[in-house]
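First up is the structure itself, then whatever we jot down about it.
What you are looking at is a predicted structure, and each value in this text was computed from that prediction instead of being measured.
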Amino acid sequence: PLVFRHLRAAFKQDRDEYIVSLCDGPLRVVCQHPKSGSITYASHDNKLLIKTMNKEAVMQFHHCFPSYHGHTVELEGNTLLPRYLGMYRVTIDQNNDVYMLVMNNVASATLPMSNIYDLKGSTVERNANVKELQKEQPLLKDNDFLSAKKQIHLGQERDAFLDTLRADVTWLESQP
């Protein structure tokens, strides 16, 4: 759809690179979410994440998407929010549709990462579990960040980062 084309343009996502990332190799399972039944895949080049969604999650997404689209386009893609690039429905048979949401993979950076944190700004049940901690590259959470006494140093980018963060938080607070 045209709205995702607008978003890809705002995020400066090259059309051909997007298609190559999405279609030119096998997907790799990154994570399975037992509560929702969804699965997150990474593209063969690790630039994209593809998350399956059930109909209820798609309806919730569609409810907030027009506002997200407006916010993101208004900021010319300068946001810290997830970068949604496409949504597709695959019909397997008459009674079975699979919905897939495509987004940029922020962990696809070329620089090595010593730790990866999923920070949500909450400490309630925000610890990596024992199974996660046993992985070679565990996905750590808010309380792990605090326990390690980590800090984020932004240097000269501090003011621009905080402006972007404020704009995103203001938009999130405006959502029902």
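You'll find the side chain of Phe145 reaches within 4.5 Å of the side chain of Ile152, heavy atoms only. The closest side-chain heavy-atom distance from Ile92 to Val98 is below 4.5 Å. By the 4.5 Å heavy-atom criterion applied to side chains, Leu48 and Met103 are not counted as neighbours. Two residues are said to be in side-chain contact when any heavy atoms from C-beta on lie closer than 4.5 Å; Gln137 and Ile116 meet this criterion.
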Assess the residue pair Thr91 and Asn96 against the criterion (side chain to side chain contact (heavy atoms under 4.5 Å, CB included)); give the C-alpha distance rounded to whole Å, side-chain angles, the decisive distance to 0.1 Å, and a yes or no. CA-CA 6 Å; Thr91 301; Asn96 194 4; over 6 Å; no
Before giving the answer on side chain to side chain contact (heavy atoms under 4.5 Å, CB included), spell out for His44 and Asp24 the whole-Å C-alpha distance, their side-chain angles and the decisive distance to 0.1 Å. CA-CA 7 Å; His44 68 95; Asp24 267 12; 3.8 Å; yes
Before giving the answer on side chain to side chain contact (heavy atoms under 4.5 Å, CB included), spell out for Met87 and Phe4 the whole-Å C-alpha distance, their side-chain angles and the decisive distance to 0.1 Å. CA-CA 8 Å; Met87 179 179 269; Phe4 284 108; 3.8 Å; yes
When you look at Leu22 and Val102, which way does the side chain to side chain contact (heavy atoms under 4.5 Å, CB included) test go after all the steps? CA-CA 9 Å; Leu22 200 55; Val102 181; 4.1 Å; yes
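For the residue pair Ser43 and Ile50, the shortest heavy atom distance occurs at N-CD1, 4.2 Å.
Rounded to the nearest 0.5 Å, atoms CG (Leu49) and OG (Ser21) are 11.0 Å apart. Rounded to the nearest 0.5 angstrom, Lys141 NZ and Asn143 CG are separated by 10.0 Å. For the atom pair Asp45 CG and Arg28 CZ, the distance stands at 10.5 Å (nearest 0.5 Å).
Checked by atom type and distance alone, the side chain of Arg89 never pairs as donor or acceptor with a backbone atom of Tyr99 at under 3.5 Å. Here the side chain of Asn104 pairs no donor or acceptor atom with the backbone of Val106 at under 3.5 angstrom.
In the displayed structure, Gln175 atom CD is contacted under 6.0 Å by more than 12 heavy atoms of other residues, nucleotides or ligands.
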Going by atom type alone, with no hydrogens or angles, which donor-acceptor pairs under 3.5 Å involve a side-chain atom of residues 51-64 and a protein atom two or more places apart or on another chain?
residue: Thr52; atom: OG1; partner: Ile39; partner atom: N; Å: 2.8
residue: Thr52; atom: OG1; partner: Ile39; partner atom: O; Å: 3.4
residue: Asn54; atom: OD1; partner: Glu56; partner atom: N; Å: 3.2
residue: Asn54; atom: OD1; partner: Ala57; partner atom: N; Å: 2.7

Distance-only donor-acceptor pairs under 3.5 Å for side chains of residues 121-130, two or more places apart:
residue: Ser122; atom: OG; partner: Val124; partner atom: N; Å: 3.2
residue: Arg126; atom: NE; partner: Asp142; partner atom: OD1; Å: 2.9
residue: Arg126; atom: NH2; partner: Asp118; partner atom: O; Å: 2.4
residue: Arg126; atom: NH2; partner: Asp142; partner atom: OD1; Å: 3.0
residue: Asn129; atom: OD1; partner: Lys131; partner atom: N; Å: 3.2
residue: Asn129; atom: OD1; partner: Glu132; partner atom: N; Å: 2.7

Side-chain donor-acceptor distances from residues 70-81 under 3.5 Å, at least two apart:
residue: His71; atom: NE2; partner: Asp168; partner atom: OD1; Å: 2.8
residue: Thr72; atom: OG1; partner: Tyr68; partner atom: O; Å: 2.9
residue: Asn78; atom: ND2; partner: Thr164; partner atom: OG1; Å: 3.4
residue: Thr79; atom: OG1; partner: Leu81; partner atom: N; Å: 3.0
residue: Thr79; atom: OG1; partner: Asp168; partner atom: OD1; Å: 2.8
residue: Thr79; atom: OG1; partner: Asp168; partner atom: OD2; Å: 2.9

Distance-only criterion, 3.5 Å: show the donor-acceptor pairs between side-chain atoms of residues 9-18 and protein atoms not counting sequence neighbours.
residue: Asp14; atom: OD2; partner: Asp16; partner atom: N; Å: 3.1
residue: Asp14; atom: OD2; partner: Glu17; partner atom: N; Å: 2.9
residue: Tyr18; atom: OH; partner: Tyr88; partner atom: OH; Å: 2.9

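Take His69 and apply the ring pair (Phe, Tyr, Trp, His ring centres under 6.0 Å) test, not counting sequence neighbours, and it matches His6. Here Tyr41 pairs with nothing under the ring pair (Phe, Tyr, Trp, His ring centres under 6.0 Å) rule; sequence neighbours left out.
For the side-chain contact (heavy atoms from CB on, under 4.5 Å) test with Lys150, the passing option among Leu140, Asp144, Asn115 is Asn115; the others fail.
Trp171 and Leu162 fall into different hydrophobic clusters, where Ile, Leu, Val, Met, Phe, Trp and Tyr residues are linked whenever their side-chain heavy atoms come under 4.5 Å apart, directly or through other members.
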